[in-house]
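See below for the structure under consideration.
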Amino acid sequence: MATARDKVELRGVRLLTSAFAWMGGLALLAALVGTGQGPLHHPLVALAVVVLTTWVVSPDGDAWWVAVAEGVVAVSAFLALPGPQPVIGFLFGVTVRRSLRGGTAWFPLKATPALLGYVVGLGAAIGLGLDSQPHGIDALVGSLMPLVGLVIGSGALYKVVGAAEAADSAHLTLSAVVQASPVGLVLLGRDGVPRLHNDRARALLDWSEPGAVPCPHGPDITACDHGCRTASDPVEVRVGRTGVLALHPTPVDPDRTLVAVVDVSARSRREEALRTRSERDELTGLVGRAHFLHLVDQAVPGDGGPVGLLVIDLDQFKEINDTEGHEAGDEYLVSAADRIHSAVGPGAVAARIGGDEFAVLAPGHDTAAGVRLADRILDALAEPLSAFGYELVIRASVGIAVAERDGVAADLLRDADTAMYVAKREGGARHRLFHPEMGEQALARQRDKVDLRAAIDSGQLVLHYQPIVDLASGRVTGAEALVRWQRPGHGLLSPVEFIGLAEETGLIVPLGNRVLLDACEQAVRWQERSIGVTVNVSTRQLSQAGFLDTLDQVLTTTGLRPGGLTIEVTESVWADEVAMRTLMAVRDAGVRVALDDFGTGYSSLSYLQRYPFDVVKIDKSFTAELGESGRTAGVVRCIIDLTRVLGAVAVAEGIETPSQAEWLRAAGCDYAQGYLFGKPDVAENWDVQPSVVWAAERE
């Protein structure tokens with residue numbers, strides 16, 4: 001390498017100049033021995049020997065007394081020798097050997113005594129007439145000019161040696177930095193052969209012997225025809241089985257190129273993992289949503305053939321997830337994904353595009369083929385699943401849409417989604433093929449959703465209250481809040497016309513919260529009349545994490561005591577463990593809990609025993625047949641007795657005749673509501689006590 005060559009050349013200069021310095025010193029000693037005279041002759045020889053000995057003993061440094069001794073030798077030599085030439089040789093030895101050390105021997109200060117000794121000795125020799133040489137101006141100049149040349153030459157040599165040592169130090173520092181760098185560095189020649197490299201580059205490039213640096217287009221980056229040598233961006237190249245290196249080439253000059261080599265294998269693996277994650281669903285292994293949408297965009301519009309798209313939504317995933325836990329829910333999803341994947345066969349792509357929502361892209365599938373594919377998927381899902389310790393059938397709603405030659409990807413996905421929601425509204429476990437009327441219905445439903453959201457915020461929801469009467473006294477003790485929608489252009493809508501939409505879209509939560517707040521405010525206004533309110537709360541509201549906080553805020557804001565409010569739920573709440581825990585927390589807070597429509601759904605004595613209720617409401621389907629069927633009367637009596645045993649009170653719904661009310665009172669039923677006591681009405685029309693009607697009928 002060039003730096004090593006510099007070191008060799010500098011070492012040669014040191015050897016040659018040191019040899020010359022010794023020649024000058026030995027020449028003086030020889031002259032003193034051979035031609036020296038006078039009384040100082042022998043002491044001077046001894047002193048010269050001492051000086052030369054110090055050069056041997058301490059070649060890289062000496063004491064100040066040595067420098068003084070060198071000056072004494074220079075002065076005395078002029079008095080002992082016939083000519084100045086040996087002294088000049090000695091001076092060369094003194095100055096050169098110190099200048100070669102690059103400043104470590106106090107050059108030029110320690111060389112000054114010898115130089116001054118030469119000048120003083122020359123002057124003394126001329127003054128005493130000891131020099132046999134001519135003493136004219138020319139001779140004087142001839143004697144002094146070697147001294148001037150010596151000073152200038154040795155000074156220059158001193159600077160050169162100092163610069164060489166500084167360059168050597170800089171080279172050592174740079175070499176240490178390069179070797180310690182975590183980045184591989186390679187200096188390449190025009191022929192691609194490394195001129196310089198560090199150990200990191202050797203390890204990254206897996207060199208047993210230094211060789212060319214590769215690029216994506218060949219084994220030598222300097223010979224690449226694609227511009228890798230001058231590329232402004234890093235050039236990535238694979239090494240080994242999994243290694244990836246980023247090469248940063250920088251041309252130094254036309255003949256040399258510096259390449260920085262960085263190991264980006266870990267980053268490449270992370271990017272690959274992220275790419276895989278974006279393309280594949282982590283849980284099920286199916287294609288992920290983002291990549292699936294990309295595939296749909298590529299497939300539609302196609303090359304003239306039809307493209308089928310199926311959207312599949314699992315009907316009972318939420319119930320499984322809530323009752324069995326999230327691990328079971330994940331297993332349920334994986335099982336469904338495996339069955340869907342096996343059912344679609346080659347040529348189609350199955351994907352998971354949401355929590356419990358899947359999709360299948362089927363190029364070349366027309367309407368008939370899409371329906372057959374949906375049948376295969378539903379059949380595969382319907383195979384009994386026994387992973388939870390009991391057999392379970394996976395139910396799903398499937399929407400089918402087919403894009404012809406002029407199809408649009410976004411429209412295809414929207415149409416399949418619309419058809420899926422139609423299948424779900426019809427009860428699930430079926431497929432539906434999209435047709436244009438569905439789109440119109442979907443748009444209408446979307447408008448309904450927007451209008452309902454606005455109704456919640458703008459006060460279009462109206463509460464009607466139906467009285468609940470104490471059958472023993474005939475006094476109104478409570479009122480059930482029933483929501484209506486005063487929709488502009490449509491009149492007053494009953495809950496049947498919009499509660500299903502609210503449940504489907506999730507608006508049931510803000511709607512229910514609005515009803516709860518308005519009903520509690522009304523209950524506060526009725527506190528002097530001791531009339532509490534009953535509010536229907538959906539299972540979805542109860543399963544929301546913030547329901548308890550909302551209830552507490554409503555009671556605090558309105559100032560209603562907890563006992564003035566009754567939360568009414570249906571038996572479907574028993575299927576939602578989260579909702580049941582919330583409901584029991586509501587009861588623990590002092591709010592009464594009523595079970596509506598008892599006997600019409602999933603009634604279970606074990607649930608009634610485990611989860612106590614304050615009120616059990618007897619459905620009107622039983623009370624309507626009182627007096628017509630002895631069996632019905634017996635069932636109602638059993639419900640009343642069961643309610644009393646459980647420590648709750650019974651409320652009979654749908655009471656329309658005095659005979660029904662009288663029978664219930666005699667049977668021990670506590671409360672009743674129905675048209676006999678009053679139809680649902682706004683609170684402003686509650687000035688007349690409805691109990692007067694019941695009392696009059698009894699008389």
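Values below: every heavy atom of this structure, side chains too, minus hydrogens, waters and symmetry copies.
Here the CZ-OG1 distance, from Arg592 to Thr566, works out to 4.0 Å after rounding to the nearest 0.5 Å. Taking CD of Glu577 as the reference point, atom OG1 of Thr582 lies at 10.5 Å (rounded to 0.5 Å). In this structure, CE on Met580 lies 9.0 Å from CG on Leu542, to the nearest 0.5 angstrom. Between the CG atom in Leu511 and the CD1 atom in Ile456 there is a gap of 4.5 Å [rounded to 0.5 Å]. Taking CZ of Arg425 as the reference point, atom CE of Met420 lies at 10.0 Å (rounded to 0.5 Å). Here the CG-CD distance, from Leu551 to Gln541, works out to 10.5 Å after rounding to the nearest 0.5 Å.
Ile340 is listed as a side-chain neighbour of Ile312, based on a closest heavy-atom distance under 4.5 Å. At least one side-chain heavy atom of Val360 sits under 4.5 Å from a side-chain heavy atom of Leu373. Considering only heavy atoms from C-beta on, Tyr332 comes within 4.5 Å of Leu392 through its side chain. A heavy-atom distance below 4.5 Å is not found between the side chains of Phe547 and Asp552. Within the 4.5 Å cutoff, the side chain of Val237 has no heavy atoms near those of the Cys215 side chain. You'll find the side chain of Phe598 stays beyond 4.5 Å of the side chain of Asp619, heavy atoms only. Inter-residue side-chain proximity for Val311 and Val398 is flagged as unmet; no heavy-atom pair is nearer than 4.5 Å. The shortest side-chain heavy-atom distance between Ile377 and Phe358 does not fall under the 4.5 Å cut-off.
Using modelled atom types, no side-chain atom of Arg339 and backbone atom of Ile394 make a donor-acceptor pair closer than 3.5 Å. Distance alone, capped at 3.5 Å, is enough to place a donor-acceptor pair between the Arg376 side chain and the Ala343 backbone. Thr623 places a side-chain N or O within 3.5 Å of a backbone atom of Lys620 that can act as its donor or acceptor partner. Remark: the backbone N or O of Ala455 is not paired with any side-chain donor or acceptor of Arg453 at under 3.5 angstrom. The closest donor-acceptor contact from the side chain of Asn513 to the backbone of Val509 lies under 3.5 Å. For Asp313 (side chain) and Ala396 (main-chain N/O), no donor-acceptor pair under 3.5 Å exists by modelled atom type. Looking at Arg352, its side chain does come within 3.5 Å of a backbone N or O of Gly355 through a donor-acceptor pair. Between the side chain of Thr557 and the backbone N or O of Val554 there is no donor-acceptor pair closer than 3.5 Å.
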Going through the distances and angles, do Trp485 and Gln460 end up as a side chain to side chain donor-acceptor pair (under 3.5 Å)?
CA-CA 6 Å; Trp485 179 8; Gln460 295 177 19; 3.0 Å; yes
Residue pair Trp574, Val569: steps toward the side-chain contact (heavy atoms from CB on, under 4.5 Å) verdict:
CA-CA 10 Å; Trp574 286 333; Val569 297; over 6 Å; no
Evaluate the criterion side-chain contact (heavy atoms from CB on, under 4.5 Å) for residue pair Glu503 and Arg540; output intermediate values, then yes/no.
CA-CA 8 Å; Glu503 289 276 6; Arg540 186 163 184 174; 4.1 Å; yes
For salt bridge (charged side-chain N to carboxylate O under 4.0 Å, His left out), just list the numbers for Glu521 and Arg525, CA-CA rounded to whole Å, side-chain angles, deciding distance to a tenth of an Å, and then say yes or no.
CA-CA 7 Å; Glu521 289 177 344; Arg525 290 190 285 268; 5.0 Å; no
Side chain to side chain donor-acceptor pair (under 3.5 Å) evaluation trace for Thr284 with Asp281
CA-CA 6 Å; Thr284 64; Asp281 177 61; 2.7 Å; yes
Go through it in stages, so that I can follow the logic: the residues are Ile353 and Val287, the test is side-chain contact (heavy atoms from CB on, under 4.5 Å), and I'd like the CA-CA distance, side-chain angles, deciding distance and then a yes or no.
CA-CA 8 Å; Ile353 59 175; Val287 171; over 6 Å; no
Take Glu653 and Ile618 through the test side-chain contact (heavy atoms from CB on, under 4.5 Å) and record every step on the way to the result.
CA-CA 6 Å; Glu653 296 181 300; Ile618 305 171; over 6 Å; no
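Electrostatic pairing of Lys617 and Glu568 counts as a salt bridge here, judged by a charged N lying under 4.0 Å from a carboxylate O. Here Asp448 pairs with Arg487 in a salt bridge; the nearest charged N to carboxylate O distance falls below 4.0 Å. A salt bridge between Glu236 and Arg267 is present, with a side-chain N of the basic residue lying under 4.0 Å from a carboxylate O of the acidic one. Ion pairing between Arg414 and Asp411 holds under the 4.0 Å rule for side-chain N and carboxylate O.
A cation-pi geometry, defined here as NZ or CZ lying under 6.0 Å from the six-membered ring centre and within 45° of its normal, does not hold between Lys424 and Tyr421.
Taking both residues in full, the closest heavy atoms of Thr570 and Leu595 are given as C-CD1, 4.0 Å, listed atom of the first, atom of the second, then distance. When all heavy atoms are compared, the tightest approach of Pro363 to Gly347 is CD-O, 3.5 Å. The two atoms that bring Leu283 and Asp330 nearest to each other are CD2-OD1, 3.8 Å, heavy atoms only. Minimum heavy-atom separation, Leu463 to Ala519: CD1-N, 3.6 Å. The nearest pair of heavy atoms linking Ile400 to Val371 is CD1-CA, 3.9 Å. Annotation for Tyr465 and Asp518: closest pair OH-O, 3.9 Å, computed over non-hydrogen atoms.
Between Thr534 and Glu480, the side chains place no donor N or O within less than 3.5 Å of an acceptor N or O (distance only, hydrogens not considered). No side-chain N or O of Thr418 forms a donor-acceptor pair with one of Asp415 less than 3.5 Å apart. If you check the side chains of His217 and Asp225, you find no donor sitting under 3.5 Å from an acceptor.
Scanning for salt bridge (Lys or Arg N to Asp or Glu O under 4.0 Å) contacts around Glu426 gives Arg432, with sequence neighbours left out.
Looking at Leu493, Val535, Val515 one by one, the single match for side-chain contact (heavy atoms from CB on, under 4.5 Å) with Val483 turns out to be Val515.
The number of heavy-atom neighbours closer than 6.0 Å to NE2 of His341, taken from other residues, nucleotides and ligands shown, is 12 or below. The local environment of CD in Glu504 is crowded, with over 12 non-hydrogen atoms from other residues, nucleotides or ligands closer than 6.0 Å.
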